[in-house]
There are 2 protein chains.
Amino acid sequence: MLSKKTQYAFKALEYLAIEYGKGPVKIAEISKYQKIPLKFLENILVELKNAGMLESKKGKGGGYVLRVAPRNINLANVIRIINGPIALLPCVSLNFYEKCKDCDETTCGMRKMMIIARDATLRVLEKKTMADMIKGEIDVM
Amino acid sequence: MLSKKTQYAFKALEYLAIEYGKGPVKIAEISKYQKIPLKFLENILVELKNAGMLESKKGKGGGYVLRVAPRNINLANVIRIINGPIALLPCVSLNFYEKCKDCDETTCGMRKMMIIARDATLRVLEKKTMADMIKGEIDVM
DNA sequence: TTAATTCCTACCAATTTAGTAGGATATGCA
DNA sequence: TGCATATCCTACTAAATTGGTAGGAATTAA
């Protein structure tokens with residue numbers, strides 16, 4: 001399951017995706033409309049920024065903007081930044097790989113299954129973007 | 001990611017799948033060959049038993065056996081018993097559903113995406129079984 | 001009756017999660 | 001220059017989860 005932090009990250013990115021092209025958006029505004037605790041949201045946005053997903057501007061008129069268009073932000077990347085691995089086992093993770101001891105990777109049956117599961121999940125999460133996520137929501141907000 | 005407990009559960013079930021049809025297998029034996037802490041394994045096997053996946057027999061000659069053939073045990077069920085939800089959000093879980101507040105389920109874009117991801121993952125995890133997992137391992141052990 | 005085995009209740013330390021607090025730093029504007 | 005407005009940084013906290021361990025009770029075979 002995704003942590004609440006990750007869910008908040010998606011909610012924040014949704015808002016920024018909808019506001020994309022309209023200039024910097026303040027943390028306080030995102031916090032208010034997406035109902036995310038302000039100080040917690042600060043942490044999240046800094047992480048997304050450090051990962052290269054957002055740009056920020058301090059001072060009056062400042063705030064956050066997406067660094068690339070919503071259609072170029074896929075869901076897998078967001079999850080990796082805030083939540084961590086997508087795979088079900090460390091030894092089948094593409095971005096957070098860790099060898100599991102007591103296990104021959106060439107023969108391990110569990111590993112084979114989890115690779116298949118991972119690929120199925122990734123095919124969706126790497127294809128779908130923030131643009132897909134906000135489809136149908138643009139008018140509502 | 002799956003907890004270590006869940007990984008141990010799979011390892012234990014692998015062993016029981018390989019030994020399927022040969023009578024009860026002792027915890028100590030599974031613990032030894034799959035390198036799982038004995039007392040921790042006890043907990044795991046009781047949980048799997050209470051969920052209906054195993055049968056047990058106490059006393060001399062006792063132990064655990066799979067209640068159904070390996071090909072009838074799908075991976076999704078094992079994960080649900082020991083690890084919990086497979087979906088990435090509570091509000092898209094089939095077996096552990098929880099409503100998320102501040103979210104209209106009919107329009108929520110995040111929810112739509114996570115349902116697609118869930119279905120992709122489940123198509124694999126519900127189709128693959130313990131029999132698939134031990135393929136190619138039977139001779140090794 | 002005894003040895004072997006599962007089963008039950010309870011506990012524990014370390015880590016992770018979900019935040020909060022308080023101030024430092026940078027920016028725009030008058 | 002100085003003030004208001006923002007982000008940014010460091011640190012702390014309580015509660016939950018994870019990954020076990022301890023000790024003995026209950027059951028069964030011989």
Side-chain angles (χ1 to χ4, degrees), chain A residues 1-12 16 23-32 34-51 53-67 79 81-85 88-90 96 98 100-102, chain B residues 1-12 16 23-32 34-51 53-67 79 81-85 88-90 96 98 100-102:
Chain A
M1 302 266 284
L2 301 177
S3 64
K4 287 209 99 180
K5 193 173 177 181
T6 309
Q7 297 178 44
Y8 289 150
F10 273 121
K11 283 290 176 194
L16 289 169
V25 182
K26 279 179 290 184
I27 299 179
E29 185 182 339
I30 303 173
S31 165
K32 181 182 168 194
Q34 297 291 44
K35 291 175 184 154
I36 304 168
L38 186 106
K39 293 296 277 179
F40 198 24
L41 180 56
E42 277 188 20
N43 302 338
I44 294 166
L45 293 176
V46 166
E47 279 186 58
L48 290 171
K49 186 204 159 190
N50 291 339
M53 191 160 280
L54 302 178
E55 269 171 15
S56 68
K57 209 176 152 190
K58 288 181 180 177
K60 190 162 194 178
Y64 282 96
V65 287
L66 297 183
R67 235 179 131 193
I79 293 175
I81 293 167
I82 305 295
N83 212 69
L88 291 171
L89 296 178
F96 300 84
E98 277 176 63
C100 53
K101 53 175 184 172
D102 310 330
Chain B
M1 302 267 285
L2 300 178
S3 63
K4 287 210 98 178
K5 192 172 176 182
T6 309
Q7 297 179 43
Y8 288 151
F10 274 121
K11 284 289 175 193
L16 289 170
V25 182
K26 279 181 289 184
I27 299 179
E29 186 181 338
I30 303 173
S31 165
K32 181 181 167 194
Q34 298 290 46
K35 292 175 184 153
I36 304 168
L38 187 105
K39 293 296 277 181
F40 198 24
L41 180 56
E42 276 187 19
N43 302 337
I44 295 167
L45 293 175
V46 166
E47 278 185 58
L48 290 170
K49 186 204 159 190
N50 291 339
M53 191 160 282
L54 302 178
E55 271 171 14
S56 68
K57 208 175 152 189
K58 288 182 181 176
K60 189 160 195 177
Y64 282 96
V65 287
L66 296 183
R67 237 180 130 187
I79 293 175
I81 292 167
I82 305 294
N83 213 69
L88 291 171
L89 296 178
F96 299 84
E98 276 176 63
C100 52
K101 51 175 185 171
D102 310 329

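Computed over heavy atoms, backbone and side chain alike; hydrogens, waters and symmetry mates excluded. Every chain is numbered from 1 and lettered A, B, ... according to where its sequence line falls, protein lines coming before strand lines.
- Taking side-chain N and O atoms only, Lys5(B) has no distance below 4.0 Å to OP1 or OP2 of dT18(D).
- At whole-Å resolution of the value, CZ in Phe40(B) and P in dA13(C) are 17 Å apart.
- A salt bridge links Lys39(B) and Glu42(B); the closest N-O separation between the charged side-chain nitrogens and carboxylate oxygens is under 4.0 Å.
- Mapping Asn83(B) and Leu38(B) onto DNA chain D by nearest heavy atom places Asn83(B) at the nucleotide closer to the 5' end.
- To the nearest angstrom, P of dA6(D) lies 13 Å from NZ of Lys32(A).
- In this structure, the side chains of Ile82(A) and Phe10(A) stay at 4.5 Å or more apart for every pair of heavy atoms.
- Within the 4.5 Å cutoff, side-chain heavy atoms of Gln7(B) are placed close to those of Pro90(A).
- Atom C1' of nucleotide dA14(C) and atom NZ of Lys4(B) are separated by 14 Å, given to the nearest angstrom.
- Of the residues in residues 41-50 of chain B, Asn43(B) come within less than 4.0 Å of DNA chain D through at least one heavy atom, sorted by number.
- Rounded to an integer number of Å, the gap from CD1 of Ile82(A) to P of dA18(C) is 12 Å.
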Between protein and nucleotides 25-30 of chain C, what N or O pairs are separated by less than 3.5 Å?
residue	atom	partner	partner atom	Å
dA26(C)	O4'	Lys58(A)	NZ	3.4

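- Within the nucleic acid shown, Lys39(A) comes within 4.0 Å of at least one base atom, counting heavy atoms only.
- OP1 and OP2 of dA18(C) both lie 4.0 Å or more from every side-chain N or O belonging to Tyr8(A).
- Contact check for Leu89(A) versus Met1(B): no side-chain heavy atoms found under the 4.5 Å cut-off.
- Summarising the geometry, the separation between CD1 on Ile27(B) and P on dA26(D) is reported as 18 Å, rounded to the nearest angstrom.
- In this structure, Leu45(A) and Ile30(A) have side chains that are in contact, with non-hydrogen atoms separated by less than 4.5 Å.
- For Phe40(B), the ring pair (Phe, Tyr, Trp, His ring centres under 6.0 Å) partners at least two apart in sequence or on another chain are Tyr8(B).
- The closest side-chain heavy-atom distance from Lys5(A) to Ile44(A) is below 4.5 Å.
- Partner of Leu16(A) under the side chain to side chain contact (heavy atoms under 4.5 Å, CB included) criterion, out of Val25(A), Val65(A), Leu48(A): Val25(A) alone.
- Between Met1(B) atom CE and dT16(C) atom P the separation is 11 Å, expressed in whole Å.
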(request) Decide side chain to side chain contact (heavy atoms under 4.5 Å, CB included) for Ile81(A) and Met53(A); before the verdict, give the C-alpha distance in whole Å, the side-chain angles of both, and the deciding distance to 0.1 Å. (result) CA-CA 9 Å; Ile81(A) 293 167; Met53(A) 191 160 280; 3.7 Å; yes
